[in-house]
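Note that this is a predicted model, so its numbers are computed, not measured.
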Amino acid sequence: MLLSAASGAADAFVFLCVGQVFAGVMTGNLVLLGASAAGAGEDGVAVRVVTALTAYACGAASGALMARLPLAVVLLVEAVLLGAAAVLWGFGLVPSYGDRLGLLALVSLAMGIQGRARVTPTNYFTGTLTSLVGRAAARELGPGDGWVLGRLGAVVAGAGLAAVMERWWSPGAALGAVVLVAGALALEGGRRAGTGKPRPDRGNPAGAA
């Protein structure tokens, strides 16, 4: 739930503050790239989309290579990347277009790592929503579907948090994603300290898309 909210916060921050692209929703970025190739949309959006796509791919590859590490380590890496982005934005260290591309790359890299951190999707939800609606239509909803609906709501809540921060205190707009990932890290660290058992929902290099 926390990671799902973090993905919503990260995407809202990037879309509102960096340049109307996404850090984690690569389907939306591909649509924007196609529209840009046809001459529609904002100037420079293609460069931002390619930056996000490349950084996300690097993050996903890095996440796959870190699959055997404890989840807490993976989340710590993500939190550090998001924290660096929050510092750059909060202290006004991204005055130029090139600097903002670097900021976009940091957040997209973090989202790519998160995309490989768990088998359960936490930063892409079209398939999740499709499956949930299909089960509802077939009257096959199960006990776990409450958590599915909760993850969808968490994305909306995270995006709303980032939007409110951007409106009322713009330097803190990137903090929401950092705090949410740090919360997930704290929960994972506490769980490991309490049980010492490996998580059954960890991703792996050959995991399903």
Side-chain angles (χ1 to χ4, degrees), residues 1-15 18-19 21-30 32-33 47-89 93-94 98-128 151 154-155 158 162 174-189 191-192 198-209:
M1 294 277 285
L2 286 169
L3 291 178
S4 297
S7 71
D11 270 319
F13 162 68
V14 165
F15 190 86
V18 180
V21 295
F22 300 101
V25 184
M26 292 300 111
T27 303
N29 281 342
L30 290 172
L32 291 172
L33 185 61
V47 175
R48 295 194 295 273
V49 167
V50 170
T51 299
L53 287 168
T54 302
Y56 185 91
C58 290
S62 299
L65 293 174
M66 291 189 291
R68 295 187 181 276
L69 296 176
L71 179 59
V73 174
V74 179
L75 293 179
L76 178 60
V77 173
E78 180 185 358
V80 168
L81 290 170
L82 291 173
V87 169
L88 290 173
W89 178 258
L93 302 177
V94 286
D99 293 332
R100 291 206 173 197
L101 288 179
L103 178 65
L104 171 61
L106 274 177
V107 181
S108 297
L109 184 65
M111 288 297 100
I113 290 173
Q114 181 176 308
R116 292 292 306 189
R118 296 174 58 128
V119 172
T120 303
T122 57
N123 60 353
Y124 45 94
F125 293 95
T126 302
T128 301
R151 291 203 312 275
V155 177
L175 285 176
V178 183
V179 171
L180 290 163
V181 172
L185 174 59
L187 285 177
E188 176 64 13
R191 187 205 62 81
R192 288 184 65 83
R199 291 194 66 95
D201 57 357
R202 285 300 311 279
N204 58 72

S.K.: Could you report the tightest heavy-atom contact between A162 and A9, atom names first, then the distance?
M.R.: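 In terms of heavy atoms, the two residues are closest at CB-O, 3.4 Å.
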S.K.: Closest heavy-atom contact between V49 and L32?
M.R.: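 Shortest heavy-atom separation between V49 and L32 comes out as CG2-CB, 4.0 Å.
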S.K.: Any heavy-atom pair between the side chains of L69 and V77 that's under 4.5 Å?
M.R.: no
S.K.: Is there a side-chain contact between L53 and L30 (heavy atoms, below 4.5 Å)?
M.R.: yes
S.K.: In the structure I gave you, are the side-chain heavy atoms of M26 and Y124 within less than 4.5 Å of one another anywhere?
M.R.: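 SC-SC contact between M26 and Y124 ruled out.
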S.K.: Could you check whether any side-chain heavy atom of T122 comes within less than 4.5 Å of a side-chain heavy atom of Q114, counting everything from C-beta outward?
M.R.: yes
S.K.: Is V50 close to T54 at the side-chain level, that is, under 4.5 Å between some pair of heavy atoms?
M.R.: yes
S.K.: Contact between V181 and L3 at the side-chain level, heavy atoms closer than 4.5 Å - yes or no?
M.R.: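 With C-beta onward as the side chain, the pair touches.
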S.K.: Are D11 and N123 side-chain neighbours, meaning at least one heavy-atom pair lies under 4.5 Å?
M.R.: no
S.K.: May I ask you to test the L185-L76 pair for a side-chain heavy-atom distance under 4.5 Å?
M.R.: yes
S.K.: Can you sort out the partners of F15 under ring pair (Phe, Tyr, Trp, His ring centres under 6.0 Å), two or more places apart, ordered by chain and number?
M.R.: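 Only F22 meet the ring pair (Phe, Tyr, Trp, His ring centres under 6.0 Å) criterion with F15.
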S.K.: Write down the atom of A86, the atom of L175, and the distance for their closest heavy-atom approach.
M.R.: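 Residues A86 and L175, closest heavy atoms: CB-CD2, 4.0 Å.
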S.K.: Indicate the atoms forming the closest heavy-atom contact of V74 with A117, along with that distance.
M.R.: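 Looking at all heavy atoms of both residues, the closest pair is CG1-CB, 4.1 Å.
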S.K.: Identify the heavy atoms of T128 and P121 that sit nearest to each other, and give their distance.
M.R.: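 The answer is OG1-CG, 4.0 Å.
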S.K.: Might you work through the side chain to side chain contact (heavy atoms under 4.5 Å, CB included) test for L93 and D99, ending with a clear yes or no?
M.R.: CA-CA 8 Å; L93 302 177; D99 293 332; over 6 Å; no
S.K.: Identify every side-chain donor-acceptor pair in residues 100-111 under 3.5 Å, counting partners at least two apart or on other chains, and give the distances.
M.R.:
| residue | atom | partner | partner atom | Å |
| --- | --- | --- | --- | --- |
| R100 | NH1 | C17 | O | 2.5 |
| S108 | OG | L104 | O | 3.0 |

S.K.: Taking atom OG1 of T120 and atom CE of M1, what is their separation to the nearest 0.5 Å?
M.R.: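 Between atom OG1 of T120 and atom CE of M1 there are 12.5 Å.
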S.K.: Quick check against the 3.5 Å criterion: does R48 have a side-chain atom that pairs as donor or acceptor with the backbone of V21?
M.R.: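 A pair under 3.5 Å: no.
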